[in-house]
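Heads up, the thing below is written out as structure tokens.
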Amino acid sequence: STPKNHTVLTVKAIDLDVSGSKIAYELPGEMGKYFKIGRNSGHIRLVENLPETRDVFHFNVIARDSGDPPKQSTSRVSVSREECLQSTSSPTTMANKKSTEISEKDKSTENLSPKHYQAELSENAPIGTKVLQIDLKTAKLSKDTKLNLVLQNETRKLLEVEKSGQIIVAQNIDFEEVEVINGSVFARSGKRNLLVATISVFVKDLDDHSPVFRLPPAHHIELPSTIHVGHILDLPYPLAEDYDASEVFSKIEYTFVNQSKFFKIDRNTSIVQLVKSLKSAPKQMNLTIRASGLSNVTKYATTNITISIISTPNQTNVSATPTPGLFEKIPSELSVFEGEPLGTVLLTLPIVDAKTMSGITLKNSEFFELSTSGDLKLRKSLRGHANEKHCFQLEAKLDSKSIAKNLCFIIKARIKGPIVYWPTQNSLLKFKENTKYETLLTINASSNLLDPKHNKLKYGIMEMKNEDWKEFTIDSRGVLRAKNLFDFERKERYGLQVQVCDFTDQCALSSFTIEIEDLNDMCPVFLNTTEEFSVVENQVVNSTGLLVGEFEKAIDHDGTVEKRSICYRVEDENSLYFIPDPHVPKLFV
């Protein structure tokens with residue numbers, strides 16, 4: 001019987017840093033359709049009636065600070081659903097429970113059947129603003145009765161009750177701090193303590209904040225004239241923040257105040273990218289960026305960036321074309337769902353050389369991070385960023401120059417169907433060739449349908465143009481198998497899409513790549529199995545030996561270079577003949 005928008009509990013996190021200590025809360029996952037958390041207040045309220053098929057509801061709450069990069073912590077919350085035992089039409093609030101305890105201890109205290117009141121109030125309303133009127137006619141109160149308002153999960157006196165039963169604003173109320181105010185009104189006469197009413201006041205957000213840039217007022221950047229077209233400026237993206245808590249009021253649009261023929265700015269992500277060679281550019285340019293609220297263009301801020309062009313670069317040149325084999329297998333654009341959990345591996349760089357990997361860095365990314373093993377992971381939640389495009393830059397330092405790769409992720413809205421936890425979207429899975437696997441993997445997915453009768457899932461492999469799907473099967477339990485042993489020399493990788501559908505035929509797709517590891521399973525072969533050499537007798541032979549002849553090289557059909565490396569030796573250890581360099585097919589005596 002708990003009403004919607006009732007505050008269930010409040011979570012509170014603290015940050016001991018001097019700067020970057022502003023905390024924002026988030027409630028990810030499927031429980032978000034039943035509970036909502038105040039972004040700044042931490043109040044968790046009920047937004048949908050809980051299903052009767054479950055008694056306990058578990059979910060995580062994320063607290064993230066405003067540092068750069070931001071840090072976060074997670075708390076596990078469990079909410080139990082209980083049947084209401086009181087025969088009353090009022091909700092069970094914290095104040096109800098307290099007054100019940102008092103009545104058990106003090107028989108002179110009464111508990112009426114209180115009425116629940118709801119009202120809406122705009123944030124920043126003046127002190128003294130009337131919020132709602134409580135009807136006191138149903139309560140038989142004497143003239144000396146005093147009314148008292150007790151707020152739930154709130155130490156500040158935001159509201160107060162007048163003797164007439166009028167609830168008014170007592171302090172400034174900010175939506176970014178509190179979204180719902182719950183409380184109970186008590187009437188006290190002598191030793192009698194009566195619960196008169198319970199209230200829920202919903203604070204309405206206003207567009208009362210302008211965007212704030214994260215850059216200093218005058219920011220300066222130096223760029224070499226030879227830098228490649230497509231380079232993304234090294235700036236803290238997104239460039240600005242809007243502290244309005246509502247999504248509709250916190251959206252920002254970015255534009256140049258004066259158009260630039262050398263740079264462009266993404267309206268949504270604020271990424272500034274070079275679109276024309278700087279060889280013909282003036283030695284100094286000014287970019288004035290405007291950040292405006294989408295819902296209110298009068299709320300805006302501007303910042304200025306000065307760019308100096310240096311003809312002789314004092315930093316490493318950046319090449320527009322990556323070295324073959326390094327970034328060429330990485331696509332320029334990928335997609336990801338907004339509800340992916342933090343730490344999800346979105347892409348694994350196909351680079352096995354640890355030395356090369358150590359020189360690769362990721363620039364201009366708020367949401368993604370690169371591990372030392374080459375896994376591109378989700379660092380910050382993408383929830384609320386559906387239909388946006390976020391780009392960043394991969395840069396590798398090799399010898400005397402650097403190479404760069406621009407990579408963009410298109411964020412898609414999470415569908416209402418099943419959620420696939422593993423394999424993660426765009427992940428890379430490795431298996432060895434000529435090795436028998438009973439099963440390759442089992443799809444880890446769950447249905448959003450809570451009814452056990454209807455939450456069974458169906459699995460299938462999507463038919464694609466590359467025909468890789470023909471080499472695999474998947475059963476009703478989501479177990480993926482290969483029809484044949486993998487052979488690296490025949491095919492190095494397979495691209496698959498697995499479809500998972502629920503009882504209502506809502507489906508989700510998981511795209512991943514299976515990469516085959518080359519084994520040293522091919523023997524070297526001499527194309528010419530017989531060689532004949534002639535040596536003149538009685539020649540002087542020094543300590544290094546005498547060359548008898550060079551025989552034809554053997555070949556190895558293994559797929560990778562290191563597996564094709566061949567060594568030569570003479571089988572008879574007592575022979576006068578020998579091969580001084582095992583990698584060179586030359587016979588000496």
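Just so it is clear, the structure is predicted and the values come from calculations on it, not from any experiment. Just so it is clear, the values below take in all heavy atoms, side chains as well, and ignore hydrogens, waters and symmetry mates.
- Using a 4.0 Å cut-off between a side-chain N of Lys or Arg and a carboxylate O of Asp or Glu, D15 and K71 do not qualify as a salt bridge.
- Other residues, nucleotides and ligands contribute at most 12 non-hydrogen atoms within 6.0 Å of the CZ atom of R477.
- A salt bridge does not link K377 to D375: none of the charged nitrogens lies less than 4.0 Å from a carboxylate oxygen.
- Side chain of Y494 to main chain of I516: no donor-acceptor pair is present (N/O by atom type, distance under 3.5 Å, no hydrogens or angles).
- When atom types are taken as modelled, the side chain of K483 and the backbone of K470 share a donor-acceptor pair closer than 3.5 angstrom.
- In this structure K264 satisfies the side-chain hydrogen bond (donor to acceptor under 3.5 Å, both in side chains) test with no other residue, sequence neighbours excluded.
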From CA spacing to verdict: side-chain contact (heavy atoms from CB on, under 4.5 Å), L346, L407: CA-CA 12 Å; L346 304 174; L407 179 59; over 6 Å; no

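- Here the side chains of L239 and I252 are not in contact, with every heavy-atom distance at 4.5 Å or above.
- Between the side chain of R81 and the backbone N or O of R54, at least one donor-acceptor pair lies under 3.5 Å.
- For R214 (side chain) and P238 (main-chain N/O), a donor-acceptor pair under 3.5 Å exists by modelled atom type.
- Atom NZ of K36 has 12 or fewer heavy atoms from other residues, nucleotides or ligands within 6.0 Å.
- A donor-acceptor pair under 3.5 Å is absent between the side-chain atoms of R267 and the main chain of T255, judged by distance alone.
- Listed here is the closest heavy atom pair of R64 and S381: NH2-N, 3.7 Å.
- The CD atom of E492 lies 8.0 Å from the CD atom of E515; values are rounded to the nearest 0.5 Å.
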Dump the intermediate steps for side-chain contact (heavy atoms from CB on, under 4.5 Å) on V420 and Q425, then the final yes or no. CA-CA 9 Å; V420 180; Q425 195 74 358; over 6 Å; no

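- With Y237 contributing its side chain and C391 its backbone, the two residues share no donor-acceptor pair below 3.5 Å.
- Using modelled atom types, no side-chain atom of T7 and backbone atom of H43 make a donor-acceptor pair closer than 3.5 Å.
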Trace of the side-chain contact (heavy atoms from CB on, under 4.5 Å) decision for C501 with Q506: CA-CA 5 Å; C501 300; Q506 292 280 350; over 6 Å; no

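- Inter-residue side-chain proximity for I307 and L278 is flagged as unmet; no heavy-atom pair is nearer than 4.5 Å.
- Residues that satisfy the side chain to side chain contact (heavy atoms under 4.5 Å, CB included) test with S210, not counting sequence neighbours, are K299.
- Side chain of D468 to backbone of L496: no donor-acceptor contact under 3.5 angstrom is found.
- Distance CG/L9 to CZ/F35: 8.5 Å, rounded to 0.5 Å.
- D244 and H209 form a side-chain donor-acceptor contact under 3.5 Å, judged by distance and modelled atom types alone.
- For the atom pair CZ of R45 and CD1 of I37, the computed distance is 11.0 Å after rounding to the nearest 0.5 Å.
- In this structure the side chain of K458 never reaches within 4.5 angstrom of the side chain of S476, judged on heavy atoms.
- When all heavy atoms of S277 and F262 are compared, the closest pair comes out as O-CE2, 3.3 Å.
- With sequence neighbours left out, D487 forms a side-chain hydrogen bond (donor to acceptor under 3.5 Å, both in side chains) with no residue at all.
- A554 and P524 make their closest contact through CB-CB, 4.4 Å (heavy atoms, listed as atom of the first residue, atom of the second, distance).
- Note: H385 and F367 have perpendicular aromatic rings, judged against thresholds of 30 and 60 degrees for the angle between ring planes.
- Side-chain contact between L370 and L394 is present, with at least one heavy-atom pair separated by less than 4.5 Å.
- Under the 6.0 Å cut-off for aromatic ring centres, F263 and F256 do not qualify, their centroids lying 6.0 Å or more apart.
- Judged by distance alone, with hydrogens and angles left aside, the side-chain atoms of Y254 form a donor-acceptor pair with the main-chain N or O of A240 at under 3.5 Å.
- Counting non-hydrogen atoms of neighbouring residues, nucleotides and ligands closer than 6.0 angstrom, the CD1 atom of I14 reaches no more than 12 such neighbours.
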Stepwise side-chain contact (heavy atoms from CB on, under 4.5 Å) test for T10 and Y25: CA-CA 11 Å; T10 300; Y25 299 94; over 6 Å; no

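- Distance check, rounded to the nearest 0.5 Å: CG of L362 to CZ of R379 gives 9.0 Å.
- Qualifying side chain to side chain contact (heavy atoms under 4.5 Å, CB included) partners for T74, counting only residues two or more places apart in sequence or in other chains: N60, I62.
- Of all heavy-atom pairs spanning P211 and A301, the tightest one is O-CB, 3.3 Å.
- Applying the side chain to side chain contact (heavy atoms under 4.5 Å, CB included) rule to T513 yields the partners L428, R493; only residues at least two apart in sequence or on another chain are considered.
- A donor-acceptor pair is defined here as one N or O able to donate and one able to accept, closer than 3.5 Å; no such pair exists between the side chain of T303 and the backbone of F213.
- Ring pair F486/F431 is tilted by interplanar angle, where 30° to 60° counts as tilted.
- In this structure the side chain of I289 reaches within 4.5 angstrom of the side chain of V272, judged on heavy atoms.
- What you find for F59 and L27 is that their closest heavy atoms are CE1-CD1, 3.6 Å.
- Of all non-hydrogen atoms in S80 and V56, the two that sit nearest each other are OG-CG2, 4.1 Å.
- Within the 4.5 Å cutoff, the side chain of Q393 has heavy atoms near those of the H231 side chain.
- To the nearest 0.5 Å, the span separating CG on D266 from NE2 on H390 amounts to 8.5 Å.
- Within the model, atoms OG1 of T269 and CD1 of I232 stand 8.5 Å from one another, a figure rounded to the nearest 0.5 Å.
- Surrounding NZ of K12 are at most 12 heavy atoms belonging to other residues, nucleotides or ligands under 6.0 Å away.
- A salt bridge is absent between E26 and K380: the closest approach of a Lys/Arg side-chain nitrogen to an acidic carboxylate oxygen does not fall below 4.0 angstrom.
- In this structure, F512 and V498 have side chains that are in contact, with non-hydrogen atoms separated by less than 4.5 Å.
- By the 4.5 Å heavy-atom criterion applied to side chains, I221 and L235 are counted as neighbours.
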Distance-only criterion, 3.5 Å: show the donor-acceptor pairs between side-chain atoms of residues 435-445 and protein atoms not counting sequence neighbours.
unit_1: T435; atom_1: OG1; unit_2: E433; atom_2: O; d: 3.0
unit_1: Y437; atom_1: OH; unit_2: K432; atom_2: N; d: 2.9

